[in-house]
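In what follows, a single structure is set out as structure tokens and then discussed.
Values below: every heavy atom of this structure, side chains too, minus hydrogens, waters and symmetry copies. We count ligands from 1, going down the list as the structure has it; atoms in each ligand are counted the same way.
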Amino acid sequence: MSEDSQWQKIPSVDRILTNPALEEVLTRFGSARTTSFVRRILEQQRKKLRQDSDYEVPDPDIIVKQVASELASQEPTGLTRVFNLTGTVLHTNLGRALLPQSAIDAVSSVAGNACNLEFDIPSGTRGDREQHLEALLLELTGAEAVTIVNNNAAALLLCLNTLALNQEVCVSRGELVEIGDSFRIPEIMSRSGCHLVEVGATNRTHLEDYASAITRQTALIMKVHTSNYEIKGFTSAVSSQDLSHLAHHHELPLLVDLGSGTLVDLAKFGLPGEPTVREVLLSGADLVTFSGDKLLGGPQAGVIVGTKAHLSTIKKNPLKRALRPDKMTIAALTEVLLLYRNPDQLKTKLPTIRHLTRSLEEIDQTAEELLASFSQALQGHATVTKRKSFSQAGSGALPLDKLPTIAIEISPISASDSALQQIAGAFRQLPRAVIGRLQNGKLMFDLRTLDDIEGLKQELQHLLL
Ligand SMILES: *Cc1c(COP(=O)(O)O)cnc(C)c1O
């Protein structure tokens with residue numbers, strides 16, 4: 001065909017827009033976006049023809065298909081579920097704790113309906129969004145008072161800003177930790193408007209060090225549970241009990257940032273012991289902060305428990321309004337706390353505890369059930385074996401304690417890094433991405449956190465190598 005007739009073959013914008021096959025696209029993406037996209041695609045056709053006189057303009061139907069598929073491919077995917085087989089139970093990048101079913105139901109119920117968030121149904125008067133949680137948290141921690149914010153970082157910010165604005169806060173040098181990307185105790189302290197007074201040395205801090213750091217400017221003594229690392233060897237730290245005596249002698253409050261914070265004795269489940277929130281309060285801490293989505297196994301939230309006097313000041317800080325949790329967080333956290341009233345059910349009903357305590361036999365059985373599906377999916381590309389390995393709690397919880405586990409180990413037949421990366425990439429490109437961990441030139445899939453065996457088998461059938 002001549003170049004001229006090719007030019008005539010380029011359809012008008014209207015002709016594409018009125019094509020019946022585009023109807024669905026128009027409804028989904030709206031006429032403004034679709035029209036500008038059609039213009040762009042037609043302009044591309046003109047450009048191609050200008051550059052190459054032999055270029056053949058496709059039929060309008062093909063152009064319509066191109067518009068539809070390119071518009072769809074430009075849609076952001078948003079949050080999407082994945083398989084976390086990294087071996088890190090509380091993986092911050094993968095959304096930390098998985099909610100129990102009761103919490104999922106509660107979230108979905110309040111998400112799409114009006115609810116009594118700040119409304120007292122019996123009296124028909126204004127209510128308090130925290131009252132739904134307050135009694136439960138007081139019962140489970142033994143605290144006098146409580147407040148909830150968006151995460152533990154917010155809990156610290158609020159405590160420090162309320163109790164120590166423009167004043168000094170004493171913290172051990174061994175506890176000036178960085179947690180994750182951008183959360184460092186010294187930085188949160190300066191943003192809270194406080195002056196950090198470093199106490200002792202990195203590896204050893206004694207009670208006298210705190211005593212000599214206290215001045216008339218001191219507002220608070222703070223102890224940070226160094227949950228994501230431990231200094232080994234010649235070390236010494238001061239207990240919260242000794243610190244609380246010192247603080248109270250100087251009429252200062254003691255704030256303990258527990259980080260992960262647990263409400264039950266984890267040793268009961270065969271896990272490494274961590275001080276419970278109740279124990280830390282009993283040791284004399286005036287305020288304790290902890291996360292909702294670490295060992296507690298709930299939604300992202302920060303909890304502050306402590307004395308009535310301190311919490312009533314904290315709740316009056318205008319920042320509280322900026323940091324308050326939403327209805328879905330409150331609904332989920334309430335359900336999670338309800339499970340803690342009967343700790344015997346945690347091992348079955350709370351995913352975080354269930355995954356942390358899953359027996360080696362059960363994990364091994366899961367691996368046995370999946371070996372064949374993995375081998376089949378990777379045939380000709382990699383060898384697949386079962387391997388003993390270690391999982392970890394993650395998010396700074398129980399940092400030094402490795403949990404024995406069983407993983408599926410993938411070794412590429414061509415033992416190159418690019419082959420390994422290609423296989424790991426193929427698992428990530430599955431409709432529901434499967435995320436493992438790279439270790440010593442192998443790709444490991446830890447089965448401790450796998451609940452949906454059948455779902456994973458289905459995905460493996462779609463693996464493209
Ligand atoms: C995780 C952690 C935090 C931050 O908690 P988020 O809920 O993630 O904001 C603060 N302090 C310590 C000791 C932690 O381990």
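Below 3.5 Å of separation, one finds an N or O of N152 facing an N or O of ligand 1. Inclusion of V224 in the set of residues having an N or O under 3.5 Å from an N or O of ligand 1 is not warranted. Residue S395 has no N or O atom closer than 3.5 Å to an N or O atom of ligand 1. At under 3.5 Å, not a single nitrogen or oxygen of S260, backbone or side chain, sits near a nitrogen or oxygen of ligand 1.
Residue I304 forms a side-chain contact (heavy atoms from CB on, under 4.5 Å) with just one option from I314, L137, L255, N152, and that option is I314.
Looking at E118 and R129, a side-chain N of the basic residue comes within less than 4.0 Å of a carboxylate O on the acidic one, giving a salt bridge.
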Open item on the list: What verdict does the salt bridge (charged side-chain N to carboxylate O under 4.0 Å, His left out) test give for E75 and R33, after you've listed the backbone C-alpha separation in whole Å, the side-chain angles of each residue and the deciding distance to 0.1 Å?
Closed with: CA-CA 12 Å; E75 282 284 276; R33 267 188 72 198; 3.3 Å; yes
Task: Trace of the salt bridge (charged side-chain N to carboxylate O under 4.0 Å, His left out) decision for R432 with D452 - done: CA-CA 12 Å; R432 181 175 175 188; D452 183 8; 3.8 Å; yes
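Contact annotation for E175 and ligand 1: no heavy atom of the residue comes within less than 4.0 Å of the ligand. Proximity of H225 to ligand 1, defined as any heavy-atom pair under 4.0 Å, is confined to the backbone N, CA, C and O atoms.
Residue K294 has at least one heavy-atom neighbour below 4.0 Å for each of these atoms of ligand 1: 1 (C), 2 (C), 3 (C), 5 (O), 14 (C), 15 (O). Every atom of ligand 1 with a heavy atom of R96 under 4.0 Å away is listed here by number and element: 6 (P), 7 (O), 8 (O). Contact atoms of ligand 1 toward S291: 5 (O), 6 (P), 7 (O) (distance under 4.0 Å to a heavy atom of the residue).
The neighbour count for K386 NZ, taken as heavy atoms of other residues, nucleotides or ligands under 6.0 Å away, is above 12.
By the side-chain contact (heavy atoms from CB on, under 4.5 Å) test, T215 pairs with E168, Q217, T218, sequence neighbours left out. Taking the ring-ring contact (aromatic ring centres under 6.0 Å, His included) definition, one finds that F445 meets it with F374, F427, sequence neighbours left out.
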